[in-house]
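Quick note: numbers below take in every heavy atom, side chains included, and nothing from hydrogens, waters or symmetry partners.
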Amino acid sequence: MTLAEMQFLTPDLRIAAAEIFILLMACLILMFDLLAKDRKRTATFVSTQLTLVGAAVITFSMSSGEISYTFSNMYVADLMADLLKLLLYLTVMVVLFYSRGYILEREQMAKGEYYALALFATLGMMVMISANHFVTVYIGLELLSLSLYAMVAMNRDSVPATEAAMKYFVLGALASGLLLYGMSMIYGATGTLEITAVAERLFMGQADQTILVFGMVFLVSGVAFKLGVVPFHMWIPDVYHGAPTAVTLFIATAPKLAAFAMVIRLLVNGLIVLSADWQSMLILLSVMSMAIGNIAAIAQTNLKRMLAYSAISHMGFMLLGMVTGVVGGDARFALNAYSSSMFYVITYVLTSAGTFGMILLLARAGFESDEIDDFKGLNKRSPWFAAMMMMMMFSMAGVPFFVGFFAKFSVLQAVVAAGYLWLAIVAIIFSLIGCFYYLRIVKIMYFDQPTNSLPIAAPLDVKVLMSANGLAVALLGIFPQALMSLCAFALLRSL
Amino acid sequence: MEFKTFVFYFLSAILVFAGLRVITARNPVHAALYLVLAFFSASGVWMLLQAEFLAIALVLVYVGAVMVLFLFVVMMLDINLDRLREGFWSYLPLGAIIALLMVTEMALVLGGNYLGLFESSVPQAASDASNVQAVGRLMFTEYVYPFELASVILLVGIIAAVALTQREKRKNKSVDASQQVFVKARDRVRVLQMPAEKRD
């Protein structure tokens with residue numbers, strides 16, 4: 001083929017309008033922030049929030065429900081991407097709201113760059129969610145990770161934060177290497193990097209099996225690293241613990257949505273033909289994560305570290321939904337299984353945002369409030385927020401009629417429907433073990449004597465948002481059906 | 001012997017020699033300079049394979065930027081050469097084992113007639129246009145999306161570097177006259193009351 005024969009269609013930029021909008025606004029905000037005299041950066045904060053609202057409006061109005069491609073099939077817009085992106089904007093907005101007070105009290109973080117980096121990280125996640133090409137998955141992931149490394153390190157004079165950033169950076173680079181290596185192997189086997197084309201070639205059986213399986217193993221390892229499941233989990237506790245709580249909140253919420261999308265794009269959209277192979281790998285990862293996550297969390301005295309191990313076990317639980325999609329070449333349960341995973345990850349992000357938000361609510365200048373003992377007697381200091389925290393903990397533990405219960409229930413239902421009874425039993429046993437450390441927090445809040453009796457100093461808007469977050473956990477627990485069917489519908493129209 | 005073959009062997013010989021000298025040269029500056037030579041010869045070999053873009057990128061990026069930086073760092077550092085060579089003999093056995101393993105691995109790959117490695121030949125050039133033209137064209141057409149995003153990643157790198165290293169503006173020592181006129185005597189001299197101590 002000569003150069004003249006190469007066909008090139010001008011990409012339809014409207015499909016990617018939200019990404020372009022975020023990028024433009026991030027650059028503008030960065031520029032105008034230079035002129036800002038205000039130490040609190042109120043203008044920067046407000047315009048960042050408005051940017052996210054604007055992106056949500058664009059995504060919502062552009063959403064057609066059809067699968068459409070642009071940028072030479074590197075970018076895909078479908079209902080799943082739209083739904084995840086809307087949730088992503090919402091999560092980042094909530095996260096920035098919670099973080100506001102915390103970063104204002106820490107001089108080195110109270111800079112305009114923090115908001116710009118948050119927007120760039122959001123852009124990276126959007127790229128991952130809408131990727132239909134291995135290169136775009138990778139580029140989006142790097143954009144996200146690089147912004148996060150910088151955000152973790154932003155509190156420069158804190159030794160634990162710097163150490164966490166270093167660990168995150170080194171291990172993240174290693175994970176990216178694994179992922180890239182896997183991608184290159186799959187490219188070698190199929191001759192293409194476009195995810196839908198990879199699926200087609202595999203379907204026609206035109207690929208070298210050895211190289212393919214080799215590549216798949218690396219791909220799954222890279223994804224597992226990013227999800228933080230055992231045995232690729234070692235960075236999670238250190239980073240969650242060392243990072244400033246505002247950044248921990250960011251890392252613990254929004255990227256989980258993007259990681260879910262990455263699993264769907266790479267494994268389900270791309271390598272569904274190999275599902276038998278990657279599913280057995282995921283079963284192993286999932287069972288190990290639930291075991292190590294739940295058991296190691298019991299021994300923690302630091303709340304952020306405990307929640308890090310809890311995140312590992314939750315991601316393991318979420319993977320259970322992914323492993324039951326195709327059973328013996330039969331994909332009848334796929335939709336049910338993947339949508340239960342999606343529901344799980346969305347509700348986890350909601351609950352996790354509330355929990356870390358609560359740590360931020362109690363933190364003050366010079367006081368992190370991230371030890372479990374700092375929650376002693378919270379009920380005496382503020383019965384309302386103790387009740388909110390109790391709902392979050394109940395939801396994470398999977399106590400009935402909170403949203404976490406329905407998330408676990410729907411995943412288990414999918415697992416049992418696919419015939420993996422033993423897997424469901426293992427998951428239930430580890431969830432029961434996990435109940436211990438969540439309920440311990442509740443016990444400490446209600447039955448122990450408070451160590452300090454200061455009232456909660458957070459501003460009113462954060463308190464209102466926290467209450468809304470807690471009530472959402474409770475309400476979604478009573479009416480989970482709407483969100484569940486939304487997930488199922490989005491996946492039905494996208495896969 | 002064809003002229004092209006001669007050039008290939010000539011470049012390869014220099015490449016191997018330079019590579020050897022990188023690890024055997026005693027002076028780190030010499031080692032770095034030999035590495036430049038090695039890069040240069042390698043880019044010549046790539047040029048023979050008609051991979052002009054790779055060749056130019058190697059010279060521009062590695063020789064032009066990375067190695068110059070490297071040389072600067074090596075020259076700035078005060079490296080004690082004797083300290084570096086300490087413990088050579090105690091590390092030798094382990095080093096020898098690793099070297100032996102690597103040689104075995106290479107022998108397995110290079111003696112690959114049995115493995116069928118030589119069945120694959122160098123692919124024909126995919127287009128009649130030059131490499132640089134093809135890469136450039138693809139970059140700005142089909143791959144424009146990741147290409148633009150890669151530039152965003154570089155931008156994030158710059159922002160991160162500035163945000164993480166920039167300290168507050170250095171305190172200026174000049175005197176602000178408008179503030180200076182408000183100064184009072186007690187701002188300049190502080191009289192302390194201290195208990196008198198006996199001299200011994």
Side-chain angles (χ1 to χ4, degrees), chain A residues 1-11 13 16 19-20 22-23 26-27 30 70-75 107-109 111-114 116-117 119-121 123-124 127 130-131 133-151 153-156 162 165 193-194, chain B residues 50-54 57 66 105 108-109 112 114-172:
Chain A
M1 191 169 62
T2 61
L3 273 183
E5 289 164 14
M6 274 180 2
Q7 289 293 315
F8 173 65
L9 294 170
T10 315
L13 297 180
E19 276 83 354
I20 296 171
I22 292 253
L23 174 59
C27 294
L30 196 65
T70 183
F71 289 118
S72 318
N73 290 351
M74 287 193 177
Y75 179 101
E107 198 185 336
Q108 282 162 353
M109 295 178 74
K111 288 194 281 194
E113 283 90 349
Y114 188 86
L117 285 174
L119 278 185
F120 281 119
L123 177 65
V127 171
S130 271
H133 198 273
F134 283 147
V135 173
T136 4
V137 173
Y138 174 71
I139 292 265
L141 183 64
E142 283 304 284
L143 186 52
L144 165 68
S145 313
L146 204 63
S147 313
L148 287 183
Y149 304 145
M151 283 165 84
M154 243 179 143
N155 202 1
R156 279 176 313 198
T162 315
L193 283 167
E194 197 182 306
Chain B
Q50 298 183 354
E52 314 96 69
F53 181 72
L54 278 177
V66 178
E105 282 172 3
L108 282 175
V109 174
Y114 305 104
L115 302 169
L117 280 180
F118 285 98
E119 282 169 16
S120 60
S121 55
V122 180
Q124 283 300 307
S127 114
D128 53 358
S130 79
N131 241 294
V132 184
Q133 211 181 349
V135 169
R137 188 152 179 152
L138 277 177
M139 223 179 237
F140 289 102
T141 54
E142 266 188 54
Y143 286 84
V144 69
Y145 182 55
F147 182 66
E148 291 294 326
L149 284 170
S151 69
V152 178
I153 293 184
L154 286 181
L155 178 64
V156 169
I158 297 171
I159 298 170
V162 172
L164 294 184
T165 52
Q166 188 204 30
R167 294 270 163 186
E168 292 75 45
K169 281 192 200 115
R170 184 169 295 167
K171 290 277 184 307
N172 201 330

Novice: Quick check: closest heavy atoms across B/V156 and A/S147, and the distance to 0.1 Å?
Specialist: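 So the minimum-distance heavy-atom pair works out to CG1-OG, 3.7 Å.
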Novice: Does the plane of the ring in A/F71 sit parallel, tilted or perpendicular to the ring in B/Y145? Use 30° and 60° as the thresholds.
Specialist: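 A/F71 and B/Y145: parallel rings.
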Novice: Heavy atoms only: give me the nearest B/G157-A/L146 pair and the separation to one decimal.
Specialist: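 The pair with the smallest heavy-atom distance is N-CD2, 3.9 Å.
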Novice: May I ask you to name which of B/T165, B/L149, B/V162 has the most heavy-atom pairs under 4.5 Å with chain A?
Specialist: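 Option with the greatest count: B/L149.
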Novice: How close do B/A163 and A/M154 get, counting heavy atoms only, and between which atoms?
Specialist: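 Of all heavy-atom pairs spanning B/A163 and A/M154, the closest is CB-CE, 4.1 Å.
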Novice: Can you name the closest pair of heavy atoms from B/P146 and A/V135 and give their distance?
Specialist: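 Smallest heavy-atom distance, with atoms named: CB-CG1, 3.6 Å.
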Novice: Can you name the nearest heavy-atom pair linking A/M74 to B/E142, along with the distance?
Specialist: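 Closest heavy-atom pair between A/M74 and B/E142: CE-O, 3.6 Å.
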Novice: Report the distance from atom CD1 of B/I159 to atom OH of A/Y114, rounding to the nearest 0.5 Å.
Specialist: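 Separation between the atoms: 14.5 Å.
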Novice: Check whether B/V152 gets within reach of chain A through its side chain, its backbone, both or neither, counting any heavy atom under 4.5 Å.
Specialist: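 Both parts, backbone and side chain.
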Novice: Can you measure from CD1 (B/I153) to OH (A/Y138) and round to the nearest 0.5 angstrom?
Specialist: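 Here the rounded value is 7.5 Å.
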Novice: Measuring from B/Y143:OH to A/H133:NE2, what's the distance to the nearest 0.5 Å?
Specialist: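 Going from the OH atom of B/Y143 to the NE2 atom of A/H133 covers 4.5 Å.
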